[in-house]
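All remarks here apply to the structure that follows.
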Amino acid sequence: MKPLISPLLGLLYTTTAAQANPISSPKASKKNGISPQLFSSLERLSRLVDISYCVGTPGTGGLSPPFSCSSRCGDVDISGRLELIRSWNTGFLSMEDSCGFVAFDHPGVQQDRKEGKIVVAFRGTYSLANTIVDLSTVPQEYVPYPADPDGDGGDEKGKGPRCNNCTVHMGFMASWKAAREIVVPAVEKARKRYPGYGVELVGHSLGGAVAMLAGLEMRAGRGWEGVRVATFGEPMVGNKGLVEFVDEVFGLKGDVGGGGEDKAYRRVTHKGDPVPLLPLREWGFRSHAGEIFITKGDLPPGPKDLRLCEGDRDKDCLNGEDGDDEEGEESDKGWFREMVNELGGKEEGEMWETETGWPTRFKLWQLLFAHRDYFWRLGLCVPGGDPIDWGRGRYNLTESDDEMRDL
């Protein structure tokens, strides 16, 4: 591990620069609002990924067949549609470990069989604060895993899309490598049992980064159809080359923010959450398209509080909230050099003043709040979920539908 002084100096330099060049928070936009159907789908997925925190956490009892746990299992699986295939735990104290579960999400009685899903949920790490400080790790080359581990990339015929000039954070890759030996065989077996079922990968926090890498392998490396990804608070995983590859593989190129229900990738972010803005762009990391931004700071949000974002970096979404006005890779470097020069002109002990305060990416106290507040407060495996949600009723999407018609 690198000495802490280097990443901490990077945090100091970038923080002061961002404060010296503040911009306003995202403006209200007519783009606000998603359909109740998309909202309902994302809300249910958030509860499923919350259940993954019961895996690998001492004292929770984990998950047991058919689908029971000490948290939200009963709330999510009222009609008995979920069937646990298996869970896994390679550890939970570092970024390189992985926990989660694979389960069937069978269609309802009146639903088409094609509505059935194979759900793979990736949990975030409990060592998040330490992980964020260490996110200056040097990226490594990224190549999609082929179906044949001894192959050279692409699908079974070697003709799949390639990732050129791509790098990925090695900690995220290590976590996926730890999980893939369990996840891939389990999903392959499940696909054979129910060939018409799609695959739904879902992850929260660093588990979102692992879900992304899993999706790339399944779609690009193995050529599997019907693979979709939904993440909540996903960090930036790799460089610009990787972002372009993700946009290509998941059909996000030219994304103008429309639709949502049919997107193969839904990257949900939340106002005030620092994790989707990390690791730092100054270290070469970039965010990909497919963002759906929760504009409301507190719980609970409604469909009118979510925004379908355009492209990789919509200024009306989380990037705009952070004071990020980069138009190209070179502008980041010039901005950074200008900040260093300005630092030299400050008197010792003098503080930077700004109307907007700390940039979102350095509000690390929000790891306990905004980063967990995705429809519900995620990350605690106790009956009924986190105590802040106790007493909350289910989302009333009938009222939300009326609100949407008024927009």
Side-chain angles (χ1 to χ4, degrees), residues 41 44-45 48-49 51-52 54-56 62-69 73 76-77 79-90 98-123 143-161 173 175-203 207-208 210-231 249-251 262-266:
S41 173
R44 187 168 187 270
L45 288 170
L48 282 170
V49 79
I51 291 169
S52 69
C54 292
V55 180
L63 280 170
S64 57
F67 196 82
S68 63
C69 64
C73 288
V76 179
D77 195 28
S79 57
R81 291 167 46 186
L82 291 165
E83 177 187 349
L84 181 66
I85 298 173
R86 69 160 301 165
S87 60
W88 78 89
N89 171 22
T90 66
S98 178
C99 300
F101 66 84
V102 185
F104 289 116
D105 188 4
H106 297 296
V109 176
Q110 297 182 350
Q111 288 182 303
D112 189 288
R113 193 168 187 79
K114 292 181 180 179
E115 297 295 319
K117 302 291 182 185
I118 302 163
V119 175
V120 185
F122 298 90
R123 200 195 76 177
V143 179
Y145 285 100
D148 176 5
D150 298 323
D152 60 351
D155 59 17
E156 282 98 340
K157 298 180 181 180
K159 297 180 181 179
M173 178 62 85
S175 183
W176 168 232
K177 285 183 176 180
R180 71 183 298 273
E181 301 303 320
I182 299 170
V183 171
V184 171
V187 175
E188 284 182 322
K189 185 176 180 180
R191 281 165 50 88
K192 290 178 181 177
R193 181 176 167 187
Y194 292 101
Y197 280 24
V199 178
E200 192 83 54
L201 305 171
V202 58
V210 182
M212 191 202 84
L213 294 172
L216 283 179
E217 172 167 346
M218 292 178 185
R219 285 178 71 102
R222 296 176 176 273
W224 291 356
E225 296 181 356
V227 176
R228 302 205 309 171
V229 180
T231 64
V249 168
F250 289 95
D262 299 326
K263 286 183 185 290
Y265 206 118
R266 291 143 295 158

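In this text, all values refer to a predicted model and were calculated from it rather than measured experimentally.
The CD atom of Glu217 sits 5.5 Å away from atom CH2 of Trp176, with the distance rounded to the nearest 0.5 Å. Once rounded to the nearest 0.5 Å, the distance linking CG of Asp77 with NE2 of His106 reads 9.5 Å. Taking OG of Ser87 as the reference point, atom CG of Leu63 lies at 6.0 Å (rounded to 0.5 Å).
Taking both residues in full, the closest heavy atoms of Ser52 and Arg123 are given as O-CD, 3.1 Å, listed atom of the first, atom of the second, then distance. A pairwise comparison of heavy atoms in Ser64 and Ser68 identifies OG-OG, 2.6 Å as the closest pair. Residues Asn89 and Cys99 approach most closely at OD1-SG, 3.1 Å, considering heavy atoms. Summarising the geometry of Ala211 relative to Thr231, their closest heavy-atom pair is CB-CG2, 4.3 Å, with the distance given to 0.1 Å. Between Gly215 and Val229, the shortest heavy-atom distance links the atoms CA-CG2, 4.2 Å. Nearest heavy-atom pair across Val49 and Ala121 is CA-CB, 4.4 Å.
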Decide yes or no on side-chain contact (heavy atoms from CB on, under 4.5 Å) for Arg222 and Val184, but give the supporting numbers first.
CA-CA 10 Å; Arg222 296 176 176 273; Val184 171; 3.6 Å; yes

- Steps toward side-chain contact (heavy atoms from CB on, under 4.5 Å) verdict (Leu201, Phe122): CA-CA 8 Å; Leu201 305 171; Phe122 298 90; 4.2 Å; yes

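Side chains of Phe101 and Leu84 form a contact here, defined as non-hydrogen atoms less than 4.5 Å apart. Using a 4.5 Å cut-off on side-chain heavy atoms (C-beta onward), Phe104 and Ile85 make contact. Contact check for Leu48 versus Leu45: side-chain heavy atoms found under the 4.5 Å cut-off. Residues Met218 and Val187 have side chains in contact (heavy-atom distance under 4.5 Å, counting atoms from C-beta outward).
Arg228 is linked by a side-chain contact (heavy atoms from CB on, under 4.5 Å) to Glu200, Arg266, counting only residues two or more places apart in sequence or in another chain. For Tyr265, the ring-ring contact (aromatic ring centres under 6.0 Å, His included) partners at least two apart in sequence or on another chain are Phe250, His288. Judged as a side-chain contact (heavy atoms from CB on, under 4.5 Å), and not counting sequence neighbours, the contacts of Asp105 are Arg44, Arg81, Leu82, Lys117, Val119.
No donor-acceptor distance shorter than 3.5 angstrom exists from the side chain of Ser98 to the backbone of Thr90, with no hydrogens or angles considered.
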